[in-house]
Amino acid sequence: MTVDTRSAVEDVLAGLDDDQRAAVLAPRGPVCILAGAGTGKTRAITHRIAHGVLTGTTAPQHVLAVTFTARAAGEMRGRLRGLGAEGVQARTFHAAALRQLRYFAPRVFSGKALPDLVDSKARLVGQAAARSRLRLDRTGVRDCTSEIEWAKSAMIEPAEYAAAAAKAARDVPIAPEQLAELYAGYEQVKRKMGVIDFEDLLRATVWAIEEHRDVADQIRAQYRHFVVDEYQDVNPLQQRLLDAWLGGRDDLCVVGDASQTIYSFTGATASYLIGFQRRYQRSTMVRLERDYRSTPQVVALANEVIAAASGVEAGVRLKLTGQRPPGPSPRSANFPDEPAEAVAVAARCRELIGSGTPASEIAVLFRTNAQSAAYETALADAKVPYVVRGVERFFERPEVREAMVLLRGAARAIEPGQPLAEAIAETLSAVGFRVGDPPSGGSAREKWEALAALVRLGEDFAAAHEGANLSTFTDELAERAAVQHAPTVDGVTLASLHAAKGLEWDAVFLVGLAEGTMPITFAKTPAQLEEERRLLYVGITRAREHLWLSWSSSRSPGGRASRRPSRFLPESAGGAGSGGARPGSKAAGTKSGPKSLPICRICGVALFDPAQRKLRRCGGCPSDYDEGLFGRMREWRALLAKEQKLPAYVIFTDATLIAVAEQMPASEQQLASIPGVGPRKLTLYGDAVLALVAGADPLSLTAPTTPDDDA
Ligand code: ATP
Ligand code: MG
C-alpha cells in the first residue's frame with residue numbers, strides 16, 4: 001500500500017463514529033445496518049465500499065450498489081468519487097436491470113433487441129378500459145394504473161388479484177373483479193404493441209438469470225458484492241431480482257430504517273429488512289442511533305412520536321440520540337382556518353430569511369399535494385420565493401387549467417347577482433365536482449381537493465372584494481397563475497411528505513396536522529394508520545434546527561371549528577387534548593363562574609367535544625393558559641406521584657391541569673366547576689392547587705396530603 005492510499009484509507013475511516021466504523025469494517029458477508037433517520041446511513045455504506053476498494057479487498061467493478069431513486073443513486077456515485085472509489089456501479093434497480101437486459105437481449109430474445117419501454121402506462125390502461133367497455137375518467141385511469149403497478153410489484157397475476165387485494169385491504173378504485181379484467185386487458189394491449197413496462201423489465205431480467213445458466217454465470221462473475229440503501233422500500237419483485245443476482249451467495253450489505261417505511265401502498269415492505277438476520281444466520285448487525293442531523297429538541301419529539309408506534313416495523317424501532325448542540329424547541333400552533341395557517345407560515349418564513357436562513361434551507365411539507373395551493377398563495381402574497389418539489393404547481397394541474405377555461409367561459413353566461421362561490425361550484429359540476437362530496441382516495445381525491453381549493457379561493461375573493469363576480473375572479477386567477485409560473489431558482493421548498501424522504505433542511509414546517517389530513521381519512525386499517533404515523537416521523541426528522549407543527553380548526557374563515565389535532569401529536573406538541581397553543585397569543589380569558597352551559601368561554605359556541613368541554617374553549621379559539629402555572633402544577637404532580645407511588649394522571653390529567661391554568665380558579669367553588677375535579681380530588685388536592693394558582697412553589701406543597709383508602 002502506498003503512502004497516498006494509506007492516507008486515503010485513513011480519510012475514509014476518519015469522521016466516523018464507532019458504530020459507523022464497525023459497519024465499515026465488518027467482514028465480507030451479510031451485513032445489516034439498522035439505522036435511524038439522520039444517523040449517516042449513506043455515509044456508512046459509501047465509506048464501506050470505498051474502504052474495500054482502497055484496501056484492495058474488493059475490485060470496484062465487482063460492486064453493485066442499488067437504491068430507489070435516480071437522485072439517490074447520483075448522490076451515492078458523487079460521494080464514492082469523493083472518497084476515491086472510482087468505477088463502482090451505483091444505480092437504481094431499474095437502471096441496473098435495463099443495462100443488463102439490453103446487453104443480454106439478443107441471447108435471450110432469440111436474436112432480437114430489447115423491446116421498447118412503455119412511455120405512458122396510463123394511456124395503455126385507458127385503451128384496455130375502452131376495449132372492455134369500462135367507463136373511466138382520467139383520474140380513474142390513473143388510480144387503476146397505480147393499482148396494476150402494485151399488483152405487478154407484488155408479483156400478483158390478474159387471476160390472483162381480487163383475492164390478494166382483499167387480503168391486503170387495498171382501497172380498489174373500481175370493483176376488484178373489474179380491475180383484474182382491466183389488468184389482464186392491459187397486459188394484452190402491451191403484448192400486441194410489442195412493448196414492456198418497468199415491472200416487465202425487472203421480471204424479464206429475473207427470468208433471463210433464472211432460466212439461462214450462461215447469463216446467470218456471466219452476471220454473477222461480474223457482480224460479487226451488493227449494497228442496498230433504503231432497504232425498507234424494497235418490493236417483492238425487486239427482492240426477487242436481488243436474489244437472482246446473488247444466486248445463493250451472501251456478500252450483501254443492506255441499510256434501512258423500518259420506521260421510515262412509507263411506500264407500503266406501492267407494494268414496498270420492510271419485512272425483508274426485519275427478517276434479514278433470520279435469513280442470514282451469520283450476518284453482522286450494526287445499529288446506528290446517533291442522529292447527526294437534528295438538534296436534541298427535534299430528536300426528542302421524533303422519538304416521542306415513534307415511541308407510540310405499533311406493528312412489525314415498530315419492533316425494530318431505534319431510539320435516536322441527538323449529537324448536535326441544543327436549538328429552539330419545536331413550535332406548535334393552532335389556527336382558526338387554513339388561510340390563516342398559511343399566512344402565519346409565510347410570515348415565519350420571511351422572518352427566518354430575514355435573520356439569515358437561506359430560503360433554500362426551508363421546507364413546507366404537507367400530506368396531500370392539494371394542500372400546496374394555500375401555501376403557494378400565501379408565499380406569493382408575502383413575496384417569499386418558493387419551488388414546488390415532486391408535485392405540479394397548483395395552476396399547472398390539468399384539472400385546474402381545465403377549470404379555469406370553464407370558469408372564463410361561464411363568466412360570459414352567468415346570471416348577475418349569483419353568489420360567486422355558488423357560481424364557481426355550479427360551473428365545476430360540469431367536470432363532476434360536487435361540494436361536500438369528496439371521493440375516498442387516490443388521484444380522484446386530489447382532483448376534488450384542487451377544485452374545492454378553487455371554490456375556497458372564490459369565497460375568500462368574494463369576502464374581500466365587494467361586487468366580485470366570475471369575470472373579476474378569473475382575472476384574479478390569471479394574475480396569480482402568472483406570478484406562480486415565474487420560474488424561481490432559490491426558494492422555500494414546498495413538498496409532500498413522501499417527496500421529502502432522505503432530504504434535510506435547516507427549518508421545516510409540517511402543516512395541516514389535523515385529523516382527516518394526518519392521518520388522512522382514507523387510512524383506516526391499523527397498518528394504514530401506522531404508515532401515517534411513520535410519515536409524520538419522516539417529516540419531523542427532516543429538520544436540522546427549526547421545526548414548526550401546525551393545524552387549523554376549520555377549512556375556511558368563519559367555518560365550523562370541527563377539526564381536532566392529529567392523534568399522533570404528543571401533548572408536548574399541541575396534541576391529545578391540549579388543543580394546541582397558539583404562539584404568542586394571550587387572549588383575554590374570562591375567569592370561570594359556577595357550572596354553566598358547555599360553551600366556549602371565548603367565542604360562546606356550544607361545545608360537544610369532551611376535551612373541549614374540559615377546557616371550556618373550542619378548538620378554534622386561542623389558548624390563553626398560563627404556561628408558568630401549568631409547569632409548576634406538573635412539577636407538583638410529579639413530586640406527589642413519586643411520593644405516593646401513583647401514576648401522575650391519577651392525580652390530575654394534563655387536560656385538567658391546562659383547564660386550571662386557563663381558568664385560574666380563585667376559590668374552591670370555581671375549582672370544583674372544572675371537569676376532572678371531583679369532590680374527592682377537591683378534598684385531597686384542592687388546597688395545593690389553589691395555592692399553586694396563587695403562586696406557591698411546588699416544593700413547599702408536597703407531603704401535606706395522604707391518599708385515602710377508598711381509591
Ligand atoms: P435518512 O434516514 O434521513 O435518509 P441518513 O441516515 O441517510 O438519513 P445521512 O443523510 O447520511 O443520514 O446523514 C445525515 C447528516 O449527518 C448528514 O448531513 C451527514 O453529513 C451527517 N453525518 C453523518 N455521520 C456523521 C458523523 N460521524 N459526523 C458528523 N456528521 C455526520
Ligand atoms: Mg439517507
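As the structure lists them, so they are numbered: ligands from 1, and atoms in each ligand from 1.
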Would you tabulate the polar-atom pairs, meaning N/O of ligand 1 against N/O of the protein, with distances under 3.5 Å, reported to 0.1 Å?
from	atom 1	to	atom 2	distance (Å)
ligand 1	2 (O)	K41	NZ	2.4
ligand 1	2 (O)	Q260	NE2	2.8
ligand 1	3 (O)	R293	NH1	2.8
ligand 1	3 (O)	R293	NH2	3.1
ligand 1	3 (O)	R542	NH1	2.8
ligand 1	3 (O)	R542	NH2	3.0
ligand 1	6 (O)	T39	N	3.4
ligand 1	6 (O)	G40	N	3.2
ligand 1	6 (O)	K41	N	2.9
ligand 1	6 (O)	K41	NZ	3.1
ligand 1	7 (O)	T42	OG1	3.4
ligand 1	8 (O)	G38	N	3.0
ligand 1	8 (O)	R293	NH2	3.1
ligand 1	10 (O)	R293	NH2	3.3
ligand 1	12 (O)	G40	N	3.2
ligand 1	18 (O)	E504	OE2	3.0
ligand 1	20 (O)	R43	NH1	3.4
ligand 1	24 (N)	Q20	NE2	3.1
ligand 1	24 (N)	R43	NE	3.4
ligand 1	27 (N)	G15	O	3.2
ligand 1	27 (N)	Q20	OE1	2.9

OG (S271) and CD (Q239) are apart, to the nearest 0.5 Å, by 8.5 Å
Ring-plane angle category for W245 and F226, please: parallel below 30°, perpendicular beyond 60°, tilted otherwise. parallel
Within-4.5 Å side-chain heavy-atom neighbours: Y292 and D17: yes
What are the two closest heavy atoms between A37 and D257, and how far apart are they? N-OD2, 3.3 Å
Pairing donors with acceptors under 3.5 angstrom, does anything connect the side chains of E376 and S372? yes
State the CZ-CD1 distance between F276 and I33, to the nearest 0.5 angstrom. 10.0 Å
